[in-house]
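First the structure, in the form of structure tokens, and then the observations on it.
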Amino acid sequence: WERDPGFPCGDATYWYKVGERSEVVTITHTYPPAAISGSLTCSQPGSDGWCAGAASLSLNASEPVAGYNITLIEGTRNGESFACPGSSCSVPLVEGQNDFTFWALSSWGDSSLMGAASGKVDTLPPTISGALAGTEGDNGWYISTVTLSINSSDFTSGVASQGVSLDNANWSPSLTVSTDGTY
């Protein structure tokens with residue numbers, strides 16, 4: 001038997017010769033590809049799937065072919081490229097929606113299948129403002145019915161709810177007071 005080494009991905013050609021007759025035998029070995037996995041971590045979980053603190057995507061890759069290793073992890077976050085040398089990587093999430101794709105490259109010459117992950121970060125508090133409407137008297141007192149209206153906004157994740165309450169009673173979008181007193 002004699003061997004032609006073939007390609008580094010596992011193909012090789014063997015042949016033997018008996019007398020004047022020779023036959024070529026091709027043997028193909030298929031090895032599993034490199035593998036990568038990703039997990040999102042959040043230091044302060046918020047509501048509706050939002051992270052209210054620092055967050056990151058942790059990536060880990062492995063090469064199943066003995067003697068070879070992962071050389072690089074590559075990917076995109078919101079369409080912008082990132083790369084980390086070696087078999088592990090941590091990529092911080094930015095404010096707002098984060099959409100990731102990622103893959104690993106091996107010294108064997110192959111790459112993993114592409115992975116994907118998504119996460120949302122909102123570390124900025126919402127803003128709220130209120131306005132009183134009525135006829136003003138002296139020293140901050142009103143001499144008519146007073147209406148309190150509010151307006152709130154949150155640039156990143158939006159406002160989940162808003163309302164006003166008179167002395168911790170029922171919540172409503174606005175409030176009207178027509179009885180004398182301090183509230």
Side-chain angles (χ1 to χ4, degrees), residues 7-10 30-133 146-176 183:
F7 299 105
C9 292
T30 302
Y31 293 98
I36 190 166
S37 63
S39 64
L40 292 166
T41 57
C42 172
S43 64
Q44 184 181 346
S47 59
D48 295 326
W50 286 88
C51 180
S56 64
L57 173 65
S58 296
L59 298 169
N60 290 297
S62 62
E63 172 54 66
V65 179
Y68 297 93
N69 60 341
I70 299 298
T71 58
L72 187 67
I73 292 176
E74 294 181 319
T76 64
R77 177 187 58 208
N78 297 335
E80 293 187 27
S81 298
F82 67 86
C84 304
S87 63
S88 64
C89 184
S90 181
V91 183
L93 275 68
V94 295
E95 194 77 14
Q97 178 69 36
N98 290 259
D99 295 314
F100 289 94
T101 59
F102 47 86
W103 55 93
L105 302 176
S106 166
S107 62
W108 170 251
D110 69 339
S111 67
S112 68
L113 297 175
M114 186 184 307
S118 293
K120 304 180 289 187
V121 176
D122 184 0
T123 61
L124 305 173
T127 59
I128 188 166
S129 61
L132 295 173
V146 176
T147 301
L148 170 63
S149 300
I150 61 166
N151 185 26
S152 60
S153 64
D154 186 40
F155 177 75
T156 307
S157 62
V159 175
S161 65
Q162 69 176 13
V164 293
S165 172
L166 179 63
D167 295 335
N168 295 317
N170 296 330
W171 289 89
S172 63
S174 65
L175 177 66
T176 301
Y183 298 93

Q. Is the backbone N or O of P92 less than 3.5 Å from a side-chain atom of R77, with the two atoms forming a donor-acceptor pair by type?
A. yes
Q: Establish, from distance only, whether the side-chain atoms of S153 and T127 form a donor-acceptor pair under 3.5 Å.
A: yes
Q | Distance-only donor-acceptor check, side chains N151 and S129, under 3.5 Å | A | no
Q | Residue pair D154 / D122: nearest heavy atoms and the distance that separates them | A | OD2-OD2, 2.7 Å
(Q) Using every non-hydrogen atom in the two residues, find where S111 and L105 come nearest and quote the distance to one decimal. (A) CB-CD2, 3.6 Å
Q) Taking C-beta and beyond as the side chain, do I36 and F102 meet within less than 4.5 Å on heavy atoms? A) yes
Q: Over all heavy atoms of both residues, which pair between S43 and C51 is shortest? Give the atoms and the distance, please.
A: N-SG, 4.1 Å
Q.
Could you tell me if S39 and S58 have a donor-acceptor pair between their side chains, going purely by distance under 3.5 Å?
A. no
(Q) Check whether E95 reaches the backbone of T123 with its side chain - one donor and one acceptor, N or O, closer than 3.5 Å. (A) yes
Q | Closest non-hydrogen atom pair between V159 and S152, with its separation | A | CG1-OG, 3.6 Å
Q | Short side-chain donor-acceptor distance under 3.5 Å, N60 and S37 | A | no
Q. Do other residues, nucleotides or ligands put more than 12 heavy atoms under 6.0 Å from the CG atom of N170?
A. no
